[in-house]
Novice: 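Let me begin by handing over the structure; questions about it come next.
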Amino acid sequence: MASLAPPCIPLQTHTFDSDSTQKRTEEWLFTSLKSPRTPTQLKSLHAHVIKTNLAQNDLVLGQLLLCSSLSDSTNYARRVFDSIPQPKPFFYNAMLKGYSQTGQPREAIRLYSLLRANSVASDSYTFAVVLRSASLLGLIPVGEEVHGLVLKMGFDCNLIVQTALIDMYCACGFSSYARLVFDRIINKDVICWNTMISGYVKCAEFGRAREVFDEMPTRSVSSWNIMVDMYCECRDIENARRLFDEMPDRDVVSWNAMISAYAKIGQCEDVRWLFDKMPKKNVVSWNLVISCYVHNGRFVEALELFRTMQVSDVMPNEVTVVAVLPACGHLGALDLGQWIHGYISRSQIKMDLYVNTALINMFGKCGSVEEALMVFDSAIEKDTFLYNTMIDVLAMHGKAEAAFGIFENMRGAGIKPNDVTFVGLLKACSHVGLVNNGMKYFKMMTEEYGLIPKVEHFGCIVDLLGRSGYLKEAHELIKHMPMEPHPILLASLLSACRLHKNVRLAEEVALQLVELEPENCGNYVLLSSIYSKAGRWDEAAKLRRMMKDKGIMKKPGCSSIEVNNGVQEFFAGDRDHPQFNEIMEMLDQIS
DNA sequence: CTAGGGTTAG
């Protein structure tokens, strides 16, 4: 949920001299509470409310609640709410509104139970908010109870409540109940129609959704957007595009929905073409293109686009930084990563779970374990993803003990490890050769947590055994795995053979590997280097000839560095760089 | 009512 809070404008000065009457203070408070406020401002305003005996004034107090709720300070609002002896129905609604708008449906439902327990009157507004929360949580019992009350109290002519009911029933998977409500409404508005259509889409009843769409007397842009989105979900991009081209008007959402469709299937060119063509872009548009580039390994372009965004009129948000940070990580662009870290602290971007995870991952990939740990320690909320990432970063840097420690913290905090957690732990073991620990975690994962080992886990174990010289055991494990041997496992064993100079097994594995993926140059290179190391030059030469005959090219190695806020990529054997000679001279000097 | 985000074996 995006922050509704700041920019908070400063409070207008108000003096409490003899001139300032109660009325004027009241007016001042009321205006001040119309805009979002920082926690400090709220506190001082609340103090004034109490000091001036305005706590009896329902209007001012209600406005204070509403203001706190909508300034992302629902906790503060709740404290004020709880200090009121008998809150008026309006206060409940203000609180409910806050919970609903800050994405806390669970709290909204809890407050609603309190409202029912205290027999406080509800109105159509209460019902609409509670239904929305129930729909988010899929709480059909609450939804049905509210439906009963709505009928009993005669709110069944209220379009907003009816629409909320349709949404709730569809979110809980009962589209037929929703349809019953829908059919009884006489004067349906566009939102009501749209809710029915999107409800059918949510229940994966695409044919019905289309029927309702075709029946609509008048369609809004959203109606079309829902349909475009529906076809995207069915992976029917042709129909999505047909509808997009057909629709009479397109808004940002329409363009973004279409861009998102192309992004999902990795068509960066179409994504970029639409992005450049759209008349008005918002933050979602930028995020879509950036993340599309990143997901397709086009990190340099992603960073370039991020730079362009900074000089545009759109401000980056949480999603933007989560999208660009992996690009920094992949390119090892620590400077830029650090700059983004600072930028987040300076701006209104919240360090949520996603942002923190992306930061830890980026710092880890860029080699700064210290900064990764700093972000980890400062994270207020920690979930499985965040722990997994931290464990993985420590494993990557050979800090096995620290990784184990984080794992223990995780268990202590009651956060459930998943299969990825164990990939990290096993990786930590294999990097420092802790065979016993590795076996312990492998056992723990299956026996204590009931997780089914995947190729990734076997990969770590093969690596762990192989590196420590248990080549035979590793080979046996691959043979007896419950799944097909992934080429990566064999490649891992092959490099272990090279490490421990076991040419006989290496040959066996390499042949199997070459059979499995004949087009991969790496396998030939590895085997040929094993032959060379063992002094079997003719076999090595034979292999290279074989590669040539099959037309297998060695892929150039690639590395990148940050230069003046840009990222330069280098390919092995690339002599086309304009400053090639200077670079070589510099390299000579360095060595 | 509609669009965007994080961890995974060499």
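For the numbers below, each heavy atom of this structure counts, side chains included, while hydrogens, waters and symmetry mates do not. Residue numbering restarts at 1 for every chain, and letters A, B, ... go by the order of the sequence lines.
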Novice: Measure distances between side-chain N and O atoms of A/Thr357 and base N and O atoms of B/dG6, and say whether any donor-acceptor pair falls under 3.5 Å.
Specialist: yes
Novice: NA contact type, A/Leu426, heavy-atom cut-off 4.0 Å: base, sugar-phosphate, or nothing?
Specialist: nothing
Novice: Do A/Asp383 side-chain and B/dG6 base share a donor-acceptor contact under 3.5 Å?
Specialist: yes
Novice: So which of residues 221-234 of chain A are in contact with DNA chain B, with a heavy-atom cut-off of under 4.0 Å?
Specialist: A/Ser222, A/Asn225, A/Ile226, A/Asp229
Novice: Rounded to the nearest 0.5 Å, what's the gap from CD on A/Glu508 to CG on A/Leu513? Could you check?
Specialist: 12.5 Å
Novice: Whole angstroms only, please: what is the OH-P distance between A/Tyr200 and B/dC1?
Specialist: 17 Å
Novice: Just to be sure I understand the rule, does A/Thr389 reach a base, reach only the sugar-phosphate, or reach nothing, if contact means heavy atoms closer than 4.0 Å?
Specialist: sugar-phosphate
Novice: How close or far is atom P of B/dG4 from atom CE of A/Met258, stated in whole angstroms?
Specialist: 13 Å
Novice: Before giving the answer on side chain to side chain donor-acceptor pair (under 3.5 Å), spell out for A/Tyr231 and A/Arg210 the whole-Å C-alpha distance, their side-chain angles and the decisive distance to 0.1 Å.
Specialist: CA-CA 10 Å; A/Tyr231 283 114; A/Arg210 180 76 210 217; 3.1 Å; yes
Novice: Describe the nucleic acid contact of A/Leu288 in one word from base, sugar-phosphate, nothing, applying a heavy-atom distance below 4.0 Å.
Specialist: sugar-phosphate
Novice: Per the atom types in the model, does the base of B/dG6 pair as donor or acceptor with the side chain of A/Asn388 at under 3.5 Å?
Specialist: no
Novice: Check whether the side chain of A/Asn356 and the base of B/dG6 form a donor-acceptor pair under 3.5 Å.
Specialist: no
Novice: Decide yes or no on side-chain contact (heavy atoms from CB on, under 4.5 Å) for A/Thr163 and A/Ile160, but give the supporting numbers first.
Specialist: CA-CA 5 Å; A/Thr163 308; A/Ile160 295 172; 5.7 Å; no
